[in-house]
Amino acid sequence: MSKNIKIILGSIYLIILIIFLYFLFSKFDVSRINDFSYYKDIQTDLDNIVGKNLYFNLIIYFIFSVCWIILLGFGSPILILSGIIFGKWIGTFISLISISVGSLCLYIIGSYFFSDLINKILKNKFNKF
């Protein structure tokens, strides 16, 4: 693959990441992060939203989790949030599947973009393996 296409795709990835993080952090009030009543209000709102249409929210959460893993690469907040929103059994199942799919996609993207770099750097060091 051409170097220009990799640069263009990498730039698109960074733009999507920045937009994603902006919208994520613009919805939460950072000044109330130590206030317990703020979390109770959020949980009450989430219970009302999730209770109305569970299957639609599972699909949305699955897509959000896969995008989170692809863009950021870690899943700890996803695990905590799925337990809070869906409970321990449904939350465990949906987070397990979504983190697995997101990690697979991240691995495919990483091997596609960085295989040449890894071969160039590590080929001489691990030649016997």
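Computed from heavy atoms alone, side chains included, the values below leave out hydrogens, waters and symmetry copies. Because the structure is a prediction, the values reported are computed rather than measured.
- Closest approach of S82 and G91 over heavy atoms only: OG-O, 3.2 Å.
- Remark: S26 OG to L21 CG distance equals 10.5 Å, nearest 0.5 Å.
- Remark: C67 SG to I78 CD1 distance equals 10.0 Å, nearest 0.5 Å.
- Checking side-chain atoms of S98 against main-chain N and O of F62 turns up no donor-acceptor pair under 3.5 Å.
- Under the 4.5 Å side-chain heavy-atom criterion for grouping Ile, Leu, Val, Met, Phe, Trp and Tyr, L9 is connected to L72 within one hydrophobic cluster.
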May I have the step-by-step check of side-chain contact (heavy atoms from CB on, under 4.5 Å) for I85 and N57, ending in yes or no?
CA-CA 10 Å; I85 294 174; N57 289 320; over 6 Å; no

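- Not a single donor-acceptor pair under 3.5 Å links the side chain of S103 to the backbone N or O of S100.
- Following chains of ILVMFWY side-chain contacts shorter than 4.5 Å, one can reach L71 starting from L81, so the two form part of one hydrophobic cluster.
- Taking CD1 of I70 as the reference point, atom CD1 of I108 lies at 9.0 Å (rounded to 0.5 Å).
- Within the 6.0 Å centre-distance limit, the rings of Y61 and F86 are counted as a close aromatic pair.
- Distance check: L58 CG to I97 CD1 gives 12.0 Å after rounding to the nearest 0.5 Å.
- Of all heavy-atom pairs between G102 and I69, the closest is C-CG2, 3.4 Å.
- Residues F93 and V101 share a single hydrophobic cluster, defined by chaining ILVMFWY side chains whose heavy atoms lie under 4.5 Å apart.
- Nearest heavy atoms, I99 versus G75: CD1-O, 3.9 Å.
- By the criterion of side-chain heavy atoms lying less than 4.5 angstrom apart, applied directly or through intervening Ile, Leu, Val, Met, Phe, Trp or Tyr residues, I63 is not grouped with F56; the two fall into different hydrophobic clusters.
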Decide yes or no on side-chain contact (heavy atoms from CB on, under 4.5 Å) for Y13 and I109, but give the supporting numbers first.
CA-CA 11 Å; Y13 173 80; I109 291 170; 5.7 Å; no

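- A single hydrophobic cluster is not seen to contain both I7 and Y112; linkage of ILVMFWY side chains at heavy-atom distances under 4.5 Å, directly or through other members, places them apart.
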